[in-house]
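Everything below concerns the one structure shown next.
Both counts, for ligands and for their atoms, begin at 1 and track the order of listing.
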Amino acid sequence: MNSRRKFLQTSLLGGVITGSSDFWSRIALQFDKPEKDTFPAVIATWGPNLKANAAAWEVLSKGGRALDAVEAGVRVPEADPNDSSVGYGGFPDRDGNVTLDACIMDEFGNAGSVSFLQHIMHPISVARLVMEKTPHVMLSGEGALQFALSEGFTKENLLTDTARQAWEEWKKKSEYKPKINVERHDTIGMVAIDAQQRIAGACTTSGLAFKMAGRVGDSPVIGAGMFADNEVGGAAATGLGELVLRTLGSFLVVEEMRRGVHPQKAVEMVVKRIVRKYPGQVKENQVGFIALDKKGRHGGFGIHTGFNYVLYQRGENKVYEAGSLL
Ligand code: SD4
């Protein structure tokens with residue numbers, strides 16, 4: 001039994017669980033035995049994120065840390081002007097401002113996040129510094145920007161001509177329908193397991209296109225847009241953030257896996273829960289989850305067809321069509 005678990009057992013929960021003293025060790029055993037060659041591995045939402053996966057693999061294949069891998073991975077779409085859902089090139093809110101949400105977790109359960117951050121191309125790296133250099137988990141808006149600037153990030157214009165044109169076009173009707181196209185949106189959620197079986201996750205987005213100013217989605221909320229637990233695995237979400245926020249979807253996926261459920265089954269259970277709970281809101285909205293467990297097993301599932309994900313494992317980077325409920 002590792003010392004952290006022992007500590008939990010003897011000091012925090014000792015009184016409660018001494019009766020079933022091998023509770024923690026049973027859970028650990030269930031996940032500690034990997035299948036063959038299943039890690040390192042990295043999984044990310046959406047097919048176009050093969051490049052992001054490759055950047056993460058660069059770190060993993062050299063024996064690097066899962067945390068460094070997910071940060072390096074999601075920085076790829078953050079800097080890509082052609083990705084209209086993440087970082088630079090992301091579609092703005094209805095006032096024309098690009099506002100970004102991101103979060104990250106390491107193998108110790110540390111977490112960092114930024115929401116409603118403007119002018120910074122790599123919100124994931126700011127989230128990491130929130131985790132590593134402050135006593136907090138989340139910084140938002142102006143405070144997050146000031147923190148980023150104090151850490152040496154530079155202020156940039158993130159609104160590309162293409163994104164501006166899309167916004168100008170949207171303004172002609174100015175219909176406030178924060179509905180997500182059921183087939184294509186590219187928020188990146190990523191989970192990695194490294195050669196030492198350490199697990200980390202990251203998620204980054206510009207959120208819904210033409211959203212209300214100040215709207216924050218699921219992506220920077222630990223447990224909603226992403227959750228990682230080194231004893232179990234990790235999960236991440238994409239799609240209509242409001243549906244994921246109300247269900248703390250990624251946390252729920254991880255908790256299902258903690259009970260021993262296979263990642264594929266776990267993501268299916270959570271999508272079903274959302275559909276059952278919000279039947280009126282799922283027809284035109286997509287939500288998709290990816291998951292990777294401590295054994296390097298993976299899964300992906302969406303409400304609607306069209307959701308896919310990428311997995312780099314055993315030296316191969318592949319797109320997987322996720323199953324769907326509707
Ligand atoms: C949000 N979940 O802000 C994000 C949107 C998304 O691809 O996934 N876009 O609600």
Are [X] and [Y] within salt-bridge range, i.e. N to O under 4.0 Å?
X	Y	answer
Lys62	Glu58	yes
Glu242	Arg215	yes
Arg75	Glu78	no

Is the closest heavy-atom distance from Arg215 to ligand 1 below 4.0 Å?
-> yes

Checking Ser250 side chain against Ile222 main chain: does a donor-acceptor pair fall under 3.5 Å?
-> no

Flag for Thr38-Gln313: side-chain donor and acceptor within less than 3.5 Å = no

Gln146 versus Glu142, side-chain donor and acceptor atoms under 3.5 Å | yes

[X] to ligand 1: N or O pair under 3.5 Å?
X	value
Glu242	no
Thr238	yes
Gly241	yes

The option among Gly288, Ser85, Gly239 carrying the non-hydrogen atom nearest to atom 5 (C) of ligand 1 is Gly239

Check: of Val287, Asp218, Thr205, min heavy-atom distance to atom 1 (C) of ligand 1 comes from Asp218

To the nearest 0.5 Å, how far apart are CD1 in Ile120 and CZ in Phe153?
-> 7.0 Å

Using a strict 4.0 Å cut-off to heavy atoms of Gly207, name the atoms of ligand 1 that fall inside it.
-> 3 (O)

Taking only heavy atoms of Ser219 into account, list the atoms of ligand 1 that are under 4.0 Å away from them.
-> 2 (N), 4 (C)

For ligand 1, the portion of Ala237 having any non-hydrogen atom under 4.0 Å away | neither

With heavy atoms under 4.0 Å as the rule, classify the contact between Gln286 and ligand 1 as side chain, backbone, both or neither.
-> neither

